[in-house]
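See below for the structure under consideration.
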2 protein chains.
Amino acid sequence: MTDHLQPTFRALADPTRRAILHMLGERDMTIAQVSDQFDMTRAAVKKHLTVLKEGDLIAVRTKGRERINTLNAAGMKPVTDWLKFFDQFWDEKLADLKDAIENKDTPNA
Amino acid sequence: MTDHLQPTFRALADPTRRAILHMLGERDMTIAQVSDQFDMTRAAVKKHLTVLKEGDLIAVRTKGRERINTLNAAGMKPVTDWLKFFDQFWDEKLADLKDAIENKDTPNA
DNA sequence: TATATATGAAACCTTTTGGTGTCACGTCAA
DNA sequence: TTGACGTGACACCAAAAGGTTTCATATATA
C-alpha cells in the first residue's frame with residue numbers, strides 16, 4: 001500500500017509551510033517575495049516550496065526569470081477526505097447524528 | 001504566536017501513526033495489541049503513541065498493568081478547522097468570482 | 001555588451017525523527 | 001513469595017529535516 005497521502009501530510013507538518021500556504025491564499029508570489037516574509041534564506045524557503053510542490057499544494061509557473069507560486073487548495077482534498085473518516089467518532093457529530101435520528105420527523109435545520 | 005497546531009500536524013505526519021488512529025477507531029487497544037500489528041518493536045510503537053498523545057489525538061487510561069489507548073477524534077478539530085480556511089479556494093469558479101469582485105474597484109496591477 | 005536580478009543546485013552542518021536494545025518497576029497469578 | 005507479564009525510560013544509532021553558504025545559469029536592463 002503506497003501512501004499517496006504522505007507527501008501532502010508531510011508538507012503540512014511544518015509551520016513555515018503552513019504560513020506560506022496562507023500567504024499564497026491572498027496572492028501569488030515569487031520565491032523572493034515569499035522569502036521576504038521570513039527570517040531565513042531564500043534557499044531555505046525554496047526548499048519549503050519544493051516540499052509544497054511535492055505535496056501538490058502549490059503550482060509554479062515561469063514568467064521570465066521569475067517563478068510564480070500559486071496556491072493549489074484542491075491538493076488538500078486527500079487530507080480532508082482522510083480526516084472525514086474520523087467524523088463518525090467525533091462526539092459533537094455523534095450528538096448531532098443522535099439528534100437527527102431522534103428528531104427524524106421534526107428536523108430543526 | 002505559539003503554534004498550538006504543531007503537535008497535531010506533527011502527529012499526523014507519520015503513516016504508522018495514521019494507521020494506529022485507524023485501528024483505534026475500531027477498538028481500544030493496549031500498547032502490546034497495537035505493537036502486534038506492526039513490524040517494529042513495542043518501544044517504537046510506544047514512541048508513536050506518545051506523539052499521538054502530545055497531539056491530543058488519543059487518550060490513555062490505566063487498567064491494572066495495562067494502558068488502554070483510546071482514539072480522541074475531537075483532537076483533529078484544530079486541523080480540520082485550519083483546513084477549512086482553504087475551502088474558499090477549492091472551487092475554481094468561486095476563485096474566479098472572487099477575483100472578479102476584488103478587481104472591480106481595485107485593480108491589482 | 002556589461003551588469004544586476006531571480007533563481008537552481010550542490011555541499012555542508014546541526015537537530016530531529018524513527019528505530020533499536022536493555023533494564024527497571026508495578027501488577028497479576030500460582 | 002515468586003515468577004511472568006505489561007509497560008516506562010534510557011542510551012544509542014542512522015537517516016531525514018531544516019537550515020546555511022557558495023556558485024552557476026538564465027533573464028532583464030542600462
Any A:R42 side-chain nitrogen or oxygen under 4.0 Å from OP1 or OP2 of C:dT7: no
Among D:dC5, D:dT20, D:dG8, the one nearest A:T41 by side-chain distance: D:dT20
Presence of B:R67 side-chain N/O under 4.0 Å of D:dG6 phosphate oxygens OP1/OP2: no
Length of the line joining B:I31:CD1 and D:dC5:P, which is rounded to integer Å: 17 Å
Euclidean distance, atom CZ of residue A:R10 to atom C1' of D:dA15 [Å, nearest integer]: 13 Å
Sugar-phosphate, base or nothing in reach of A:K47, heavy atoms under 4.0 Å: base
N/O (side chain, B:H48) to phosphate O (OP1/OP2, C:dT17) under 4.0 Å: no
A:R17 vs D:dG18: side-chain N/O to OP1/OP2 distance below 4.0 Å: yes
B:W82 and A:H22 aromatic centres sub-6.0 Å: yes
Protein-nucleotide distance (A:E54, atom CD; D:dA16, atom C1'), rounded to Å: 13 Å
Closest heavy-atom pair and its distance - B:K53, B:I58: CD-O, 3.4 Å
Sugar-phosphate, base or nothing in reach of A:A44, heavy atoms under 4.0 Å: base
Pairwise side-chain contact, A:F38 with A:I20, heavy-atom cut-off 4.5 Å (strictly under): yes
A:R65 side-chain N/O to C:dG8 phosphate OP1/OP2 under 4.0 Å: no
Phosphate OP1/OP2 of C:dA6 contacted by A:T30 side-chain N/O (<4.0 Å): no
Touch class at under 4.0 angstrom, heavy-atom based, for B:A32 against every strand present: sugar-phosphate
Approximate separation, where rounding is to 0.5 Å, of B:L12 CG and B:L57 CG: 5.0 Å
